[in-house]
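Below is one structure, written out as structure tokens; the observations come after it.
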Amino acid sequence: MAPVDAASFHDALIQRLGSERVLTGAAPMAAYESDALTAFRARPRAVVLVESAEEVVDVVRLCAAAEVPFLARGSGTSLSGGSLPVDDGVVIAMNRLNRILEVDPVRRIAVVEPGVVNLAVSDAAAPYGLYYSPDPSSQSVCTIGGNLAFNSGGAHCLKYGMTSNHVLGLEVVLPDGEVVELGGDSLEGVGPDLVGLFVGSEGLFGIATKITLRLLPRPETFFTLLAAYDSLAAAGEAVAAVVASGLLPGAMEIMDNLAIEAAEAAVGAGYPLDAEGLLIVELEGEKQQVAAESELLLEVVRQSKPYLEHIASDADDRMRIWKGRKSAFSAVGRLSPDYIVQDGVVPRSRLGEALTRIQRLGERHGIRVANVFHAGDGNLHPLILFDGRVEGDLERAEELAGEILRLCIDLGGSITGEHGVGMEKRQYLGEMFDDADLDAMRRIRTAIDPGELANRGKMFPDAEAPALLSHGPHPLEVAGVISRE
Ligand SMILES: Cc1cc2nc3c(=O)[nH]c(=O)nc-3n(C[C@H](O)[C@H](O)[C@H](O)COP(=O)(O)OP(=O)(O)OC[C@H]3O[C@@H](n4cnc5c(N)ncnc54)[C@H](O)[C@@H]3O)c2cc1C
């Protein structure tokens, strides 16, 4: 394709996609101005609705020729501003690339387009007794493309690993429009692990257009235990004891009282409203093995003295328990008009200490913090409640969010477990990594994308951030689509 200058860029987009798939202007682009980090908005130059990998290649080539930054957008559920538009750039909406191209039960793989919704992969694999393991709580809406950009995790990633452990091969459009194939259809790769390099790169290395995923056999049976405690620390100690016992559950999650209250109000999961800490532990596997492990689990958990325990009686009961946990983030919207979902990691052995200190920080700022976390891998999700309509509330909430991240670093953890750095946590990257590390990251980025066109302004602390529209009512609120009442 011949290079185009910036002036004819817009016409070239229309020529390639047709005017109905090139959105411009405030109203048509309103839904793309923000992602699930709703406190921030930015306006792109255009939003393009692509329908094939070839169209992605052509749009990226046009962007490269005109030096226009771009980013891919899946379902826009990023909690770190990862899919916030880049300044004067193009948003490439990937949702229409949503075909499951192949499910091969013999090789136990699925080949999918990036706009396929996470849960749809398991649905397609179910007739073969297989499933796709990583299960973000947003799995009924988020896309595989977004999952691989953030190396997303979920409640059941404790045993089988995050997205990076389940992506075998990729077709990628590099930021200059070149198409490359990385990896293959098995875990036994030859040469450097370029799939591993791409997964978790937050859209900075280009756009994935075809993804080969690993499928696992569905566990024969589950044993799901709910244990309620009168202190959050006791629930945390139970997790440490389970780990020390040598058991490896499929999931180990904790919710605090505020999160329980929200989940109950939203979905009526049957959680005890008076619990200060609620532990959900799930074993999975073959019947005999789960039966033996469940005895040990009960013994270990009982030593931590929960005041109530409940074992899921059947599949419906198990689904009800998980529905409460998986709805917790969005349910918190019932307690507060706005909230920031923070994502940090601490060593498992310091979970109790981290939670106590987060509680104290919240009290000092006069801000309520609900806690939901993947306790098994020390991945905290403090939900910081604020009211964006109150002058200074957002800034106070952001300050607290920053203090929590510094606490995670201080305790030997990380500023992100699974939601990525995105826009929101850029300034903390330099507190976790030294200059040499940051320099190495930058050199890899510019080797792949010298013009820094792909998702410009994200992740690096000194990258030029998108010009944000003023904080204020969300465009969907103005349009009457969502309400804070
Ligand atoms: C209620 C709720 C619960 C959540 N629970 C979890 C959870 O349990 N675990 C978890 O890890 N996350 C969770 N998240 C965060 C979010 O759902 C994940 O980060 C998810 O992977 C984002 O997918 P998406 O399709 O919405 O991506 P988007 O938000 O659209 O994009 C995210 C990033 O991916 C990039 N991207 C998108 N498509 C491609 C592509 N084809 N190629 C390259 N880059 C691409 C974008 O440029 C952007 O940087 C939750 C979010 C919400 C709102």
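Read the numbers this way: they start at 1 and go in the same order the structure lists the ligands and their atoms.
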Provide, to 0.1 Å, the distance between atom 34 (O) of ligand 1 and the closest protein heavy atom, together with that atom's residue and name. Ala149 CB, 3.0 Å
Considering only heavy atoms, does Glu202 approach ligand 1 within less than 4.0 Å through its side chain, its backbone, both, or neither? backbone
According to salt bridge (Lys or Arg N to Asp or Glu O under 4.0 Å), does anything in residues 155-181 pair up with another residue at least two apart or in another chain? List the pairs. none
Taking all heavy atoms of Leu215 and all of Ala125, pick out the closest pair and write down the distance. CD1-CB, 3.9 Å
Going by the order shown, which atoms of ligand 1 are within less than 4.0 Å of some heavy atom of Thr77? 15 (C), 16 (C), 17 (O), 20 (C), 22 (C), 23 (O), 24 (P), 26 (O), 29 (O), 51 (C), 53 (C)
protein heavy-atom neighbour closest to atom 27 (O) of ligand 1 works out as Gly146 CA, 3.4 Å
Starting from atom 48 (C) of ligand 1, find the nearest protein heavy-atom neighbour and note its residue, name and distance. Gly82 O, 3.5 Å
Donor on one side chain, acceptor on other, Glu418 and Ser152, under 3.5 Å: no
Distance to 0.1 Å, residue and atom name: give those for the protein heavy atom nearest to atom 18 (C) of ligand 1. Ser152 OG, 3.8 Å
Short N or O distance, Gly203 and ligand 1, threshold 3.5 Å exclusive: no
A side-chain contact here means heavy atoms from C-beta on lying under 4.5 Å apart; do Ile280 and Thr224 qualify? yes
Pairs of nitrogen or oxygen atoms closer than 3.5 Å, one from Ala208 and one from ligand 1: do any exist? yes
For atom 1 (C) of ligand 1, closest protein heavy-atom neighbour: Phe329 CB, 3.8 Å
Nearest heavy atom to atom 9 (N) of ligand 1 wins, so pick from Gly115, Gly154, Pro134, Gly153. Gly153
Show the atoms of ligand 1 that are less than 4.0 angstrom away from any heavy atom in Ala36. 53 (C)
Residues Asp316, Arg320: salt bridge by 4.0 Å N-O rule: no
Show me which atoms of ligand 1 lie under 4.0 Å from any heavy atom of Cys142. 17 (O), 20 (C), 23 (O), 25 (O)
Which ligand 1 atoms are under 4.0 Å away from a heavy-atom of Asn147? 20 (C), 21 (O)
Are any of the N or O atoms of His374 closer than 3.5 Å to those of ligand 1? no
Suppose I only count heavy atoms of Ile207 and a 4.0 Å limit; which atoms of ligand 1 are within that range? 41 (N), 42 (N), 43 (C)
Distance to 0.1 Å, residue and atom name: give those for the protein heavy atom nearest to atom 8 (O) of ligand 1. Ser137 N, 2.9 Å
Would Gly206 count as a contact of ligand 1 if the rule is a heavy atom under 4.0 Å away? yes
Looking only at non-hydrogen atoms, which of Cys157, Gly145, Ala93 approaches atom 45 (C) of ligand 1 most closely? Gly145
Counting only nitrogen or oxygen atoms and a 3.5 angstrom limit, does Ser75 reach ligand 1? yes
Which of the ligand 1 atoms, numbered from 1, are nearer than 4.0 Å to a heavy atom of Pro114: 41 (N)
Just to confirm my output: which protein heavy-atom neighbour is closest to atom 32 (C) of ligand 1, and how far is it? Phe150 CE1, 3.6 Å
Ser78, portion touching ligand 1 at heavy-atom distance under 4.0 Å: both
For Glu282 and Pro249, work out which heavy atoms get closest and say how close. O-CB, 3.3 Å
Using only atom types and a distance under 3.5 Å, with no angle test, would you say the side chain of Arg16 pairs donor to acceptor with the backbone of Val59? no
Indicate, as side chain, backbone, both or neither, the part of Asn455 found under 4.0 angstrom from ligand 1 when only non-hydrogen atoms are considered. side chain
Under 3.5 Å between any N/O of Ser138 and any N/O of ligand 1: does that happen in this structure? yes
Is Asp35 near ligand 1, meaning one of its heavy atoms is under 4.0 Å from it? no
Is Arg73 salt-bridged to Asp35, going by a charged N under 4.0 Å from an acidic O? no
Measure across Val103 and Ala124 and return the closest heavy-atom pair with its distance rounded to 0.1 Å. CG2-CB, 4.1 Å
State the atoms of ligand 1, each with its element, that fall below the 4.0 Å cut-off from a heavy-atom position in Gly74. 25 (O), 28 (P), 30 (O), 37 (C)
Can His374 and Glu253 be counted as having a side-chain donor-acceptor contact under 3.5 angstrom? yes
Residue Arg73 vicinity, atoms of ligand 1 by number, heavy atom under 4.0 Å: 30 (O)
Check ion pair Lys425-Asp343 (N to O, under 4.0 angstrom): yes
With salt bridge (Lys or Arg N to Asp or Glu O under 4.0 Å) as the rule and sequence neighbours excluded, what pairs involving residues 20-30 come up? Arg21-Glu51, Arg21-Glu55
For ligand 1, find out whether one of its N or O atoms is nearer than 3.5 Å to an N or O atom of Pro136. no
Counting distance only, does the side-chain N/O of Asp387 pair as donor-acceptor with the main-chain N or O of Asp393 below 3.5 Å? no
shortest atom 46 (C) of ligand 1-to-protein heavy-atom contact is with Ala72 O, 3.0 Å
N/O donor-acceptor pair under 3.5 Å between Glu113 side chain and Arg99 backbone: yes
Considering only heavy atoms, which of Ile211, Thr163, Thr143 lies nearest to atom 25 (O) of ligand 1? Thr143
Please check: side-chain N/O of Asn379 versus main-chain N/O of Gly344, any donor-acceptor pairing under 3.5 Å? yes
Note: His419, heavy atoms under 4.0 Å from ligand 1, region reported as side chain
Are Asn147 and Pro134 packed together at the side-chain level, in the sense that at least one heavy-atom pair is separated by less than 4.5 angstrom? no
So, Arg348 side chain and Gly376 main chain: donor-acceptor pair closer than 3.5 Å or not? yes
Using 30° and 60° as the class boundaries, would you call the ring planes of His381 and Phe329 parallel, tilted or perpendicular? perpendicular
